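Throughout, protein chains are lettered first and strands after them, A, B, ... in sequence-line order, and every chain is numbered starting at 1. If you're wondering where the values come from, they're calculated on a predicted model, not measured in any experiment.
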Amino acid sequence: MVSLSKKLIKTLRRSAILIPQFYEPKAPALDLHEPFIPVSKLQETKLLEAQLVSILDSCISLTEIKRVHARIIRKGLDQCSFVVTKLVRVLCKLNTPIDTYARLIFSQVYCPNPFLYTAIIRGYSVQGPLEKAVFLYGQMRRDDILPVSFTFTALLKACTGVLHVDLGRQIHGQSLKIGGFVQDLFVGNTLIDMYVKCGCLDFARRVFDELPTRDVISFTALIVAYAKSGDMVAASDLFDRLPAKDMVAWTAMVTGFAQNAQPKEALEYFEKMQNSGVNTDEVTLSSVISACAQLGAIKYANWVRDFAERSGFGPTDNVLVGSALIDMYSKCGSVEDAFKVFESMKDRNVFSYSSMIGGFSMHGCAREAIELFEKMMKVEVKPNKVTFVGVLAACSHAGLVEQGQHFFGMMENGCGIKPSVDHYTCMIDLLGRAGRLEEALELIQTMPIEPNGSIWGALLGACRIHRNPKVAEIAAKQLFQLEPDGIGNYVLLSHIYASAGRWEDVSRVRKLIRAKRLIKTPSLSMVEDENGGLHNFYSDDTIHPESKLIKQTLQDLLKRLKVHGYQPILSSAPYDVSDEEKERILLTHSEKLALAYSLLTTSANCVIRIIKNLRICEDCHSVMSRASQLTSREIVVRDNLRFHHFRKGICSCGDFW
DNA sequence: GTAGGGTTAG
């Protein structure tokens, strides 16, 4: 027997040339008298293998692969796991169905090694079905072949894809049982990711804590998980412990804050990220842009847009940044700028279209939203569930009931999208706003989904517009059960009672609020000055240094408006007090203070942009509208629902909101 | 082979 060096044994194993004492052939039986291949021949074969692998790597079509496969057979290397594994991997990369070709090649190899098994397992993991990947794993174990760490990462990734946490746990168990794989950083990180994506944060944390070493990927996976669960304290804590923070880790923090409605913190972290010398890419920027969208300030909007352009991620060439910018400009009150971005983009995807349709919708441009939706269908960008929310909301705000019903019908039949509770909410809103409250109630009772708080909330909102305490009571009863601490619902019901003059019921609801110790969300209006500074106004605000002057300006304005026919809408003060007192209360509304401040401090050609945290009341709406005419100023108010553009006495919402 | 992304109604 020839004695082989360890290195040579390794080479032989790697190239899987069938040597009797290392491999147990199944069929056909090898001729044991066959002489060993001389070393020079081995080197030649190894060279040929490397050559074929390299050719396979550059294959971009199935025809090419088939040609190389024929060559592999001609050269007698069809039993070489090294080459065949590459062949299978390339087939998977081109997304050729495993069962049609790769599986056949695999079945013709007498002694597949763990890498070849893993290549097939990975193929099934990517393409599905998961069962076949697991079956292959079982076969591998029955053949007594030890898996490699990549076998586990492939299987775990497949479990992550279909959120099959039970199977994932079994594979976790296997990796522990077979020997130390869980300590492999790749397997450990994939396990963390699997548990995170399946919503088992505790398990993910346990794997993280038990890992002998952790890298930036382990940290980031967990940071993202905490951020997604809304726990930015835990996320920050981990981030602080992370010694080497890279772009992805920083981005995870910026995104976390942006997704948890902490836009200022998101921007702070972005600044720190830049100061630490880490690069920025399109993903970072998309989150920064989302944070700016939440701030709603044009100053930040323009700053981030310039920044994106300067860093080479301008909206023209970058669909991710472009789509985020469309949404941002819409939310900052400039649907015109949003549309400019949309038009400048070279490529548009479903995000770009959905953001633009949503932008038109929140600005009351129903016709534009519908036209864009129809154009989208023509250019073959498939709408998704969010697109439909946008287009249905557009119909709703414009009172286009039949058109909305048509689009709703299209969802399942034309686009294969099952309407979700969000879409039913849009339909309830559509019918409710149009005054068809009974129909809306009937839809709730007959729809195939269990109604949630949004559904009843939409109905209650419609009852406020149409002053219908009867239906409101039905909606409120459900809402108080589903959202017992939702202060807005109690307030809304009390307003509905107030507008019907049912003061006893009003006081009953107020008592309920007190008994539950709920605190009313204070009304807050923000306004941007010409330097981009933001000023906050609460109702009846006396904190602002210019408070007296602001109040005086407001009173002067209202006096002038009254000359032109303005009558205070007293029902907007839902209290059982005298008309004089109601008028005084109306004067304290935060958006009126913000308006007066802007009139006082900004130049005549400057658009006044006000952001309010609650819905604008009818009286303020009327004042804004008339003030836009009297002062020849353009006023944009963003309330918690949508935008109102007041120009020359007319609002873009058509007084229908 | 493992980590980060934009759009959602009352």
Subject >> No-H, no-angle donor-acceptor pair, A:Thr251 side chain to B:dG4 base, under 3.5 Å >> reply: yes

Original post:
With sugar-phosphate meaning primed atoms plus P, OP1 and OP2, does A:Thr153 contact a base, only sugar-phosphate, or nothing at under 4.0 Å between heavy atoms?
Top reply: base

Original post:
Can you check whether A:Phe307 and A:Phe270 have ring centres sitting under 6.0 Å from each other?
Top reply: yes

**OP:** May I ask you to evaluate whether A:Lys157 reaches the phosphate of B:dA3, defined as a side-chain N or O under 4.0 Å from OP1 or OP2?
**Re:** yes

Original post:
Can you find a donor-acceptor N/O pair under 3.5 angstrom joining the side chain of A:Ser149 to the base of B:dG1?
Top reply: yes

Subject >> Proximal nucleotide (of B:dG1, B:dT7, B:dG10) relative to the A:Ala458 side chain >> reply: B:dG10

**OP:** Test for a donor-acceptor pair under 3.5 Å between the base of B:dG6 and the side chain of A:Ser286, counting only N and O atoms.
**Re:** no

**OP:** Side chain of A:Thr190 only, please: which of B:dT2, B:dA3, B:dA9 is the nearest?
**Re:** B:dT2

Original post:
Residues two or more places apart in sequence or in another chain: which of them pass ring pair (Phe, Tyr, Trp, His ring centres under 6.0 Å) with A:Phe186?
Top reply: none

Original post:
Given B:dG5, B:dG6, B:dA9, which nucleotide is nearest the side-chain atoms of A:Val389?
Top reply: B:dA9

Original post:
Of the residues in residues 469-488 of chain A, which ones touch DNA chain B at a heavy-atom distance under 4.0 Å?
Top reply: A:Leu479, A:Glu483

Original post:
Between the side-chain atoms of A:Thr220 and the base atoms of B:dA3, is any donor-acceptor pair under 3.5 Å?
Top reply: yes

Original post:
Do any side-chain nitrogens or oxygens of A:Gln259 fall under 4.0 Å of OP1 or OP2 in B:dG4?
Top reply: no

**OP:** Could you tell me if the ring centre of A:Phe115 sits under 6.0 Å from that of A:Phe82?
**Re:** no

Original post:
Hey, is A:Lys477 close enough to A:Glu473 for a salt bridge, meaning N to O under 4.0 Å?
Top reply: no

Subject >> Side-chain ion pair, A:Asp317 and A:Lys346, N-O less than 4.0 Å >> reply: yes

Original post:
With distance as the sole criterion, do the side chain of A:Asp281 and the base of B:dG4 form a donor-acceptor contact below 3.5 Å?
Top reply: yes

Subject >> Aromatic stack A:Phe351/B:dG6: centroid gap under 5.5 Å, interplanar angle under 30° >> reply: yes

Original post:
Does a distance-only test, which skips hydrogens and angles, find a donor-acceptor pair under 3.5 Å between the side chain of A:Ser354 and the base of B:dT7?
Top reply: yes

